[in-house]
There are 2 protein chains.
Amino acid sequence: MKQQQKDAYDKLKLKSQLCFPLYACSKEVIRHYKPLLDELDLTYTQYITMMVLWEKKSLCVNALGEELYLDSGTLTPLLKKLEKKGYLTRCRCDNDERSVKICITEEGEKLKEKAASIPEKMESCVKLSEKESAFLYRILYRMLEQLNPS
Amino acid sequence: MKQQQKDAYDKLKLKSQLCFPLYACSKEVIRHYKPLLDELDLTYTQYITMMVLWEKKSLCVNALGEELYLDSGTLTPLLKKLEKKGYLTRCRCDNDERSVKICITEEGEKLKEKAASIPEKMESCVKLSEKESAFLYRILYRMLEQLNPS
DNA sequence: TACAATTAGATTGTATGCAATTTGATTGTA
DNA sequence: TACAATCAAATTGCATACAATCTAATTGTA
C-alpha cells in the first residue's frame, strides 16, 4: 500500500478526527444539563431558546433560528410547546404577515429566576482553567463563523 | 438587584456559555459532512460507526456504544440499517447469547476506499493551525473524560 | 442447584434536527 | 398594476438520541 493511502486511512480513525470529540462532547454536556433542566421541565433546546428570550424579550422565528442555528422545522413545534407551557406567545407580525413574532410572557420571565443557578452548577462539572475556557470559546466561535458565515 | 444575581443572569446569556458554541459547532460540522457522506449514502452516525469497524473489524454492540457514546436505543436500528446495506453482519455471540457481535463485510471494507478522501476534504473547511487543532483535540478529550469517566 | 441480581440488546415513547416541499405574504419589475 | 420571484413559517418524512422498560441469558451465592 502506498504511503499516501496509508495516511488517508490513518485519518479515517475515530481518534484522528476533531469532529468526533466535538460531537460526543456536545452530547455529554447536554446529558449533564438534563437533571438540572428536568427541575424546570425544559429540554436543552427549550432552555437555549428561553436564554435568547430572557435576553431579547421578543424576536421573530427567523432571527431566533439564526441565533440558535436551528430552522423552522425544529423551531415551530418547539415554540408551540413553550407556548403551551405559557412561557411565550406566538403571533403574526402586523407589518409583515409572513413573520411570526415570539414574545416572552411574565411566566417566562419568572422562569429565569429558577434557571439562574444552572450555569454555575454546570461549570463545576468541567474543570477547565480560565485560560482554557477562553481559548475553547474563541476557537469554537471562530469555527462557527467559518462554517456558517452569516 | 444584587450584584450576585446580576452575575448569575449574565451567565445565562447564550454568549456566556461554553455549551452553546459546542452544540452549534458540532451540528455545523456534521452539516458540512452531509454532501460528502451523501455520496456514500451514509449519515454521520452511520459514518462514525463504519469508522470504528474499519479499524476494529468486529466488536460487540456494547463496546461499540462505549466508543461512540451511544446506547442500544440508537445503535440497534442504525446497525440494522447498515446490515441491510450489506456493510456489516449482526449475530449473537456463541459464548454469551446476550451479546451481539458486529462484523464488517467485504462490502463494508470496500466502502473505506471511497471514504478515504473525506477527512482531508473536511479539514479544508475549517482553518485551524496545527497548534490550535492539537489544543482543541486535547481539551475536548479531557472534557469527555471528566464528563463520562469510563 | 434454585433463584435473585445483573447484564446485553431490543423496544417504546418523546423530542429533536434537518432537507424538501407547501402555503401564504411581500417584493421587484415589466 | 399583473405576476414571477422571493421570503417566512409550517408541514412532511426520515434519522437520530436517549430515558425507561422489557426480554432473555448469565452470574453470584445461599
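Lettering of chains follows the sequences in order, A, B, ..., and the numbering in each one begins at 1. As the structure is a computational prediction, the values presented were derived from the model and not from experiment.
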Would you say A:R90 reaches D:dA9's phosphate, i.e. side-chain N/O to OP1/OP2 under 4.0 Å? no
What is the base-pairing partner of D:dA8, counting Watson-Crick and G-U wobble geometry with both distances under 3.5 Å? C:dT23
Ignoring hydrogens and geometry, is there a side-chain-to-backbone donor-acceptor pair from A:S16 to A:L12 under 3.5 Å? no
Between B:D7 and B:Q3: side-chain donor-acceptor atoms closer than 3.5 Å: yes
Nucleotide D:dA9, atom P - distance to CD of A:E66 in whole Å: 10 Å
Name the nucleic acid region contacted by B:D96, choosing base, sugar-phosphate or nothing; use a 4.0 angstrom heavy-atom cut-off, strictly under. sugar-phosphate
May I ask you to say what B:K80 touches in the nucleic acid, namely base, sugar-phosphate or nothing, with a heavy-atom cut-off under 4.0 Å? sugar-phosphate
Exam field: side chain B:S124 to backbone B:K121, donor-acceptor pair closer than 3.5 Å: yes
For A:R92 and for A:K34, find the nucleotide of DNA chain D with the closest heavy atom, then tell me which residue's nucleotide is more 5'. A:R92
For D:dT16, does OP1 or OP2 lie under 4.0 Å from any side-chain N or O of B:K81? yes
Give A:T74 one of three labels, base, sugar-phosphate or nothing, depending on what nucleic acid heavy atoms sit under 4.0 Å from its own. base
Under 4.0 Å: is that the gap between some side-chain N or O of A:T43 and OP1 or OP2 of C:dT14? no
Interatomic distance where CG belongs to B:L68 and C1' belongs to D:dC18 [whole Å]: 15 Å
Could you check how far CD of B:Q46 sits from P of D:dC14, rounded to whole Å? 14 Å
Please report, rounded to the nearest Å, how far the P atom of D:dC18 is from the CD1 atom of A:I30. 9 Å
Within the 4.0 Å heavy-atom criterion, would you say A:S72 contacts the bases, only the backbone, or no part of the nucleic acid? base
Do you know the tightest heavy-atom contact between A:C125 and A:H32? SG-CD2, 3.9 Å
Sugar-phosphate, base or nothing in reach of B:D71, heavy atoms under 4.0 Å: base
Looking at A:K27, I'd like to know whether one of its side-chain N or O atoms comes within less than 4.0 Å of OP1 or OP2 on D:dA17. no
Which heavy atom of A:P21 sits nearest a heavy atom of B:L140, and at what distance? CB-CB, 3.8 Å
Looking across every strand, which nucleic acid part, if any, lies under 4.0 Å from A:L78 by heavy atom: base, sugar-phosphate, or nothing? sugar-phosphate
Taking only the side-chain nitrogens and oxygens of A:Y23, find out if one of them lies under 4.0 Å from OP1 or OP2 of D:dA17. yes
State whether the side chain of B:R90 and the backbone N or O of B:K101 hold a donor-acceptor pair below 3.5 Å, judged by distance alone. no
How would you label the contact of A:L70 with the nucleic acid (heavy atoms, under 4.0 Å): base, sugar-phosphate, or nothing? sugar-phosphate
Please state how far atom CG in A:L37 lies from atom P in D:dA19, giving the value in whole angstrom units. 13 Å
What is the nucleic acid contact for A:L75, judged by heavy atoms within less than 4.0 Å: base, sugar-phosphate only, or nothing? nothing
What contact category does B:T45 fall into here, base, sugar-phosphate, or nothing, at under 4.0 angstrom with non-hydrogen atoms? sugar-phosphate
Using whole Å, report how far OH of B:Y44 lies from P of D:dC14. 24 Å
Looking at B:R98 and C:dT7, is any side-chain donor or acceptor paired with a base atom of the opposite kind under 3.5 Å? yes
Let me know the distance between CG of B:N95 and C1' of D:dA24, rounded to the nearest Å. 16 Å
Report the distance from atom CD1 of B:I102 to atom C1' of C:dA10, rounded to the nearest whole Å. 13 Å
